[in-house]
*Asks:* 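I have a structure I would like to understand better, so I am pasting it below and will then ask my questions one at a time.
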Amino acid sequence: MKHVERAIAAEIGDERFLPFLTLHEFEALLLVDPSAVGEVVGQPKRVHCLTAAIKNTPPEEINDTAHNHPSALIRRCFPEYNKTVHGLRIAKQIGLAAIRSACPHFNEWVTALEQL
């Protein structure tokens with residue numbers, strides 16, 4: 001991802017542009033705390049489904065098959081999940097500090113923004 005981000009930044013050629021590409025998709029950030037997904041979606045008893053699916057894989061690395069990408073895992077365990085309805089609420093409940101702690105690539109980008 002860093003190689004592609006550097007190439008995009010070089011192509012744009014403006015130091016104010018700090019690209020960030022998530023390796024798989026936004027929902028990887030939500031997998032930092034599966035219990036927050038269950039609470040926000042309103043199905044806390046289904047959290048075990050999500051924790052069993054992700055095991056101990058770092059959130060930014062979850063995506064080993066076409067059916068195991070982060071949003072597919074969430075939808076399999078929580079069919080009522082809707083990115084535009086639940087995504088931001090879940091991220092807010094997890095909190096930026098926890099997401100940064102569990103997602104080093106995302107943290108590097110936020111740190112670069114903070115240093116501006």
Side-chain angles (χ1 to χ4, degrees):
M1 297 310 307
K2 289 181 183 184
H3 172 74
V4 176
E5 289 170 347
R6 283 191 297 270
I8 292 170
E11 182 67 26
I12 299 296
D14 187 329
E15 64 186 30
R16 297 172 297 169
F17 179 68
L18 298 174
F20 170 74
L21 298 173
T22 183
L23 183 57
H24 299 299
E25 58 188 349
F26 164 75
E27 278 82 0
L29 303 177
L30 306 182
L31 295 178
V32 166
D33 185 355
S35 64
V37 178
E39 289 174 32
V40 170
V41 173
Q43 297 293 334
K45 292 183 180 181
R46 291 195 214 149
V47 170
H48 69 282
C49 170
L50 197 52
T51 55
I54 64 176
K55 300 176 181 87
N56 291 323
T57 307
E60 291 179 307
E61 297 176 19
I62 295 170
N63 194 20
D64 51 350
T65 70
H67 303 290
N68 255 8
H69 55 89
S71 63
L73 292 175
I74 292 172
R75 282 194 199 98
R76 185 165 46 249
C77 297
F78 304 96
E80 53 279 290
Y81 170 75
N82 180 308
K83 180 185 290 203
T84 58
V85 173
H86 302 110
L88 182 58
R89 290 179 22 210
I90 295 167
K92 189 174 182 177
Q93 182 161 331
I94 295 169
L96 186 58
I99 293 171
R100 289 178 72 172
S101 177
C103 301
H105 182 67
F106 176 75
N107 182 54
E108 287 174 15
W109 178 65
V110 174
T111 299
L113 293 174
E114 290 173 333
Q115 293 174 350
L116 292 176

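Model, not experiment: these values are computed from the prediction.
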*Asks:* Could you tell me whether Glu80 and Arg46 have a side-chain N and a carboxylate O separated by less than 4.0 Å?
*Replies:* yes

*Asks:* Under the ring-ring contact (aromatic ring centres under 6.0 Å, His included) test, which residues partner His105, sequence neighbours left out?
*Replies:*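 ring-ring contact (aromatic ring centres under 6.0 Å, His included) check on His105 returns Phe20.
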
*Asks:* Is the backbone of Ala28 close enough, under 3.5 Å, to the side chain of Glu60 for a donor and an acceptor to pair up by distance?
*Replies:* no

*Asks:* Indicate yes or no: at least one non-hydrogen side-chain atom of Leu73 is less than 4.5 angstrom from one of Asn68.
*Replies:* yes

*Asks:* Quick check for you: to the nearest 0.5 Å, what is the distance between Arg75 atom CZ and His69 atom NE2?
*Replies:*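 Atom-to-atom, Arg75:CZ and His69:NE2 are 7.5 Å apart.
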
*Asks:* For Glu25 and Ser71, indicate whether the former's side chain and the latter's backbone hold a donor-acceptor pair under 3.5 Å.
*Replies:* yes

*Asks:* Among Val32, Leu29, Thr111, find the residue that satisfies the side chain to side chain contact (heavy atoms under 4.5 Å, CB included) test when tested with Phe106.
*Replies:*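 Testing each of Val32, Leu29, Thr111 against Phe106, the sole residue satisfying side chain to side chain contact (heavy atoms under 4.5 Å, CB included) is Leu29.
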
*Asks:* Do Ile90 and Asp33 make a side-chain contact, defined as non-hydrogen atoms from C-beta onward lying under 4.5 Å apart?
*Replies:*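 Ile90 vs Asp33: side chains apart.
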
*Asks:* To the nearest 0.5 Å, what is the distance between CG (Leu31) and CD1 (Ile54)?
*Replies:*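 Output value for this atom pair is 5.0 Å.
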
*Asks:* Kindly write out the residues that satisfy side chain to side chain contact (heavy atoms under 4.5 Å, CB included) with Asn56, not counting sequence neighbours, or none if the list is empty.
*Replies:*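 With neighbours one apart ignored, the set is empty.
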
*Asks:* Report yes if some heavy atom in the side chain of Val110 is under 4.5 Å from a heavy atom in the side chain of Ile99; otherwise report no.
*Replies:*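 No, side chains not in contact.
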
*Asks:* Calculate, to the nearest 0.5 Å, the distance between atoms CD1 and CE belonging to Ile8 and Met1 respectively.
*Replies:* 7.5 Å

*Asks:* Please name all residues satisfying side chain to side chain contact (heavy atoms under 4.5 Å, CB included) with Pro58, sequence neighbours left out, ordered by chain then number.
*Replies:* Glu61

*Asks:* Using a 6.0 Å cut-off, check whether atom CD of Glu15 has over 12 heavy atoms from anything other than its own residue.
*Replies:*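 12 or below, so no.
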
*Asks:* To the nearest 0.5 Å, how far apart are CG in Leu30 and NE2 in His86?
*Replies:*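 It is 11.5 Å, given to the nearest 0.5 Å.
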
*Asks:* Give the cluster check for Leu88 versus Phe78: same hydrophobic cluster or not, with ILVMFWY residues linked at side-chain heavy-atom distances below 4.5 Å.
*Replies:*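 No, it is not one cluster - the side chains of Leu88 and Phe78 are not joined through contacts under 4.5 Å.
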
*Asks:* Please check if Val85 and Val37 belong to a single hydrophobic cluster, counting links between Ile, Leu, Val, Met, Phe, Trp and Tyr side chain heavy atoms closer than 4.5 Å.
*Replies:* no

*Asks:* Going by the rule side-chain hydrogen bond (donor to acceptor under 3.5 Å, both in side chains), which residues pair with Asn107 if we only count those two or more places apart in sequence or in a different chain?
*Replies:* Arg100

*Asks:* Identify the heavy atoms of Lys45 and His48 that sit nearest to each other, and give their distance.
*Replies:*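 For Lys45 versus His48, the nearest heavy atoms are O-ND1, 2.9 Å.
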
*Asks:* If I compare all heavy atoms of Gly38 with all of Val47, which pair ends up nearest, and what's the gap?
*Replies:* CA-CG2, 3.9 Å

*Asks:* I'd like to check the side chain to side chain contact (heavy atoms under 4.5 Å, CB included) partners of Leu18; sequence neighbours left out, ordered by chain and number.
*Replies:* Trp109, Ala112, Leu113, Leu116

*Asks:* Do you know the tightest heavy-atom contact between Pro79 and Arg76?
*Replies:* CD-O, 4.3 Å

*Asks:* Under the disulfide (SG to SG under 2.5 Å) rule, what pairs show up with a residue in residues 58-116, not counting sequence neighbours?
*Replies:* Cys49-Cys77

*Asks:* Look up atom CD in Gln43 and atom OH in Tyr81, then write down how far apart they are to the nearest 0.5 Å.
*Replies:* 15.5 Å

